[in-house]
Chemist: 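Input: one structure, supplied below.
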2 protein chains.
Amino acid sequence: MSAHVFIAEDEASIVSLLKYNLEKEGYKVSHSENGEDALKQIKSKQPDLILMDWMLPELSGVEICKNLKKDNKFNDIPIIMLTAKGEEEDKIKAFDTGADDYVTKPFSQKELNARIKSLLRRSKPQSSSDIVEFTDLKIDRITKRVYRKDKEITLGPTEFKLLDFFIKNPKRVYSREQLLNNVWGEDIYVESRTVDVHIRRLRQAINIQNTKPLIRTVRSAGYSLES
Amino acid sequence: MSAHVFIAEDEASIVSLLKYNLEKEGYKVSHSENGEDALKQIKSKQPDLILMDWMLPELSGVEICKNLKKDNKFNDIPIIMLTAKGEEEDKIKAFDTGADDYVTKPFSQKELNARIKSLLRRSKPQSSSDIVEFTDLKIDRITKRVYRKDKEITLGPTEFKLLDFFIKNPKRVYSREQLLNNVWGEDIYVESRTVDVHIRRLRQAINIQNTKPLIRTVRSAGYSLES
DNA sequence: TTCCTCAGTTAACAAATGATTAAAAAGGGG
DNA sequence: CCCCTTTTTAATCATTTGTTAACTGAGGAA
């Protein structure tokens, strides 16, 4: 699943250059040449990232930026401002309107790609790496192995999924309901006590004698993974 | 509550310049001159943002960066790389190791401030909205934990809900009736004296010896949370 | 001021709620 | 059909909850 990059830029030559390069990187790309239309398209398409010219016909990049950052639904979309001016003050202004990064023309495609990658990584935590660590726990999603303090631990499939889910949001308390929906699946019906049983098995597997247990029980609320 | 910025940099002149400027901006600042120590400090202090020199004694910035980005507990801390080199390839490498931004020395303090602001804005919201504070009380609805003066306090489920309700409208006085409706639920019938008992339990849990009590009794009216 | 009354405080306890655990039953590949 | 995992069940254990009743103290009346 590739990210969707939206370009708001009126110079055709730049658009085609960007488009070519971004598509080569594997992004889905769409664009608009005018500010008003750009805003409309962004709101309907909800891209993952926006490259926006500072100056745009109809509605300036600054205006669009402000508009998007006001709206809860769109203020998470990272925005990179493109501009011909290299002046200090403009950079500050760009950041102040809510832009997340700033690139001056002419820009290097390589650097732009790097900045895009960085912003996307930040806004898409779910597509995180295949090896995740939390304190002394390490889980490898590829080989399906789990380690505690570099010692391997064997888990049943359900326990693995359970731990994998917990590790995505450590310290957060999940209700049995939430765990069932996220680990077992929305449409599967099992008793909520079943969760307890798997929590117990997971605890037994990952615990180390005389150490603070990793899974916390929050009475009448659920469970969480602690450090 | 101001953000905490950590500086990992060995050139004293740069550190003092940065420190001066960041503190003027209202950030809490701490620093380390050596890579190994920096990593240790970062893990214990958990700053909100890191400014890191590309080259550091003991353990290079790149290494620290990689190390932090692997661990779920720290990979949300934004990192800005500081470097003397202005070369293209280094920028790419910096982003590849997981840095979130990149600034070349000599840098403009104004631009750095803008970039810091942008990164903080981006990383804060997920954690802040479900944490409520009132004077020295802090309640985290995600992890279901309560703190007084940064020391954790354990509450039973009802006391937690009670405090959570009070903190939504501090200083406002609620009758037992209102508390029952809002904390216990509209359709549940319990004696109104029960409220007193839970108020007492909550008081015992959150009070500190020789300090003004946080919950005020308003005779023949109800209770309120005071500062 | 003193005394009385009423509202709030407190401690103790029994009941109920929720979590843990072990063991049996039920599935589901190989 | 056997082995391994998952789910259910039910007994047990732990904590929380609501109730009761005695106690305390504030504030008004005399």
Chemist: To the nearest Å, give me how far apart CG (B:Asp196) and P (D:dA21) are.
Modeler: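 These atoms are roughly 16 Å apart.
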
Chemist: Tell me whether the side-chain N/O atoms of A:Arg193 come closer than 4.0 Å to OP1 or OP2 in C:dT21.
Modeler: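 False: A:Arg193 side-chain N/O out of range (4.0 Å or more) of C:dT21 OP1/OP2.
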
Chemist: Verify the contact: side-chain N or O of B:Tyr223 to OP1 or OP2 of C:dA7, cut-off strictly under 4.0 Å; return yes or no.
Modeler: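 Answer is no, no contact under 4.0 Å.
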
Chemist: Which value, rounded to the nearest 0.5 Å, describes the distance between B:Tyr102 atom OH and B:Ile79 atom CD1?
Modeler: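 The distance works out to 14.5 Å.
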
Chemist: Looking at B:Lys45, I want to see if its NZ is surrounded by more than 12 non-hydrogen atoms of other residues, nucleotides or ligands under 6.0 Å.
Modeler: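 Yes, NZ of B:Lys45 has more than 12 neighbouring heavy atoms, counting only those of other groups under 6.0 Å.
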
Chemist: Starting from P on C:dT9, measure out to CD1 on B:Ile215 and report it in whole angstrom.
Modeler: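 In whole Å, C:dT9 P lies 10 Å from B:Ile215 CD1.
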
Chemist: Report the residues that fulfil ring pair (Phe, Tyr, Trp, His ring centres under 6.0 Å) with B:Phe165, sequence neighbours left out, ordered by chain and then residue number.
Modeler: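 B:Phe165 satisfies ring pair (Phe, Tyr, Trp, His ring centres under 6.0 Å) with B:Tyr174 once adjacent residues are dropped.
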
Chemist: Any carboxylate oxygen within less than 4.0 angstrom of a Lys/Arg side-chain nitrogen, looking at A:Arg176 and A:Asp196?
Modeler: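 Judged by the 4.0 Å cut-off on N to carboxylate O distance, A:Arg176 and A:Asp196 do form a salt bridge.
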
Chemist: Look at B:Lys138 together with B:Glu133 and state whether they make a salt bridge at an N to O cut-off of under 4.0 Å.
Modeler: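 Looking at B:Lys138 and B:Glu133, the cut-off is not met.
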
Chemist: When you match B:Gln204 and B:Arg176 each to their closest nucleotide on DNA chain C, which lands nearer the 5' end?
Modeler: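 Of the two residues, B:Arg176 wins.
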
Chemist: In whole angstrom, give the distance that lies between atom CD1 of A:Ile199 and atom P of C:dG18.
Modeler: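 Interatomic distance, CD1 of A:Ile199 to P of C:dG18: 17 Å.
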
Chemist: OP1, OP2 of C:dT20 versus side-chain N and O of A:Arg203: anything below 4.0 Å?
Modeler: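 For A:Arg203, the contact criterion (side-chain N or O under 4.0 Å from OP1 or OP2 of C:dT20) is met.
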
Chemist: CZ of A:Arg216 versus C1' of C:dA19: gap in Å, rounded?
Modeler: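 One finds 15 Å between C1' of C:dA19 and CZ of A:Arg216, rounded.
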
Chemist: Nearest-Å distance, CG (A:Leu202) to P (C:dT21)?
Modeler: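 To the nearest whole Å, that distance equals 13 Å.
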
Chemist: Can you give one letter per nucleotide of nucleotides 13-18 of chain D, 5' to 3': B if a protein heavy atom sits under 4.0 Å from the base, S if only from the sugar-phosphate, - if neither?
Modeler: -BBSBB

Chemist: Using the salt bridge (charged side-chain N to carboxylate O under 4.0 Å, His left out) rule, take A:Arg145 and A:Asp140 through it: C-alpha gap first, then chi angles, then the decisive distance, then the call.
Modeler: CA-CA 5 Å; A:Arg145 282 172 198 276; A:Asp140 185 328; over 6 Å; no

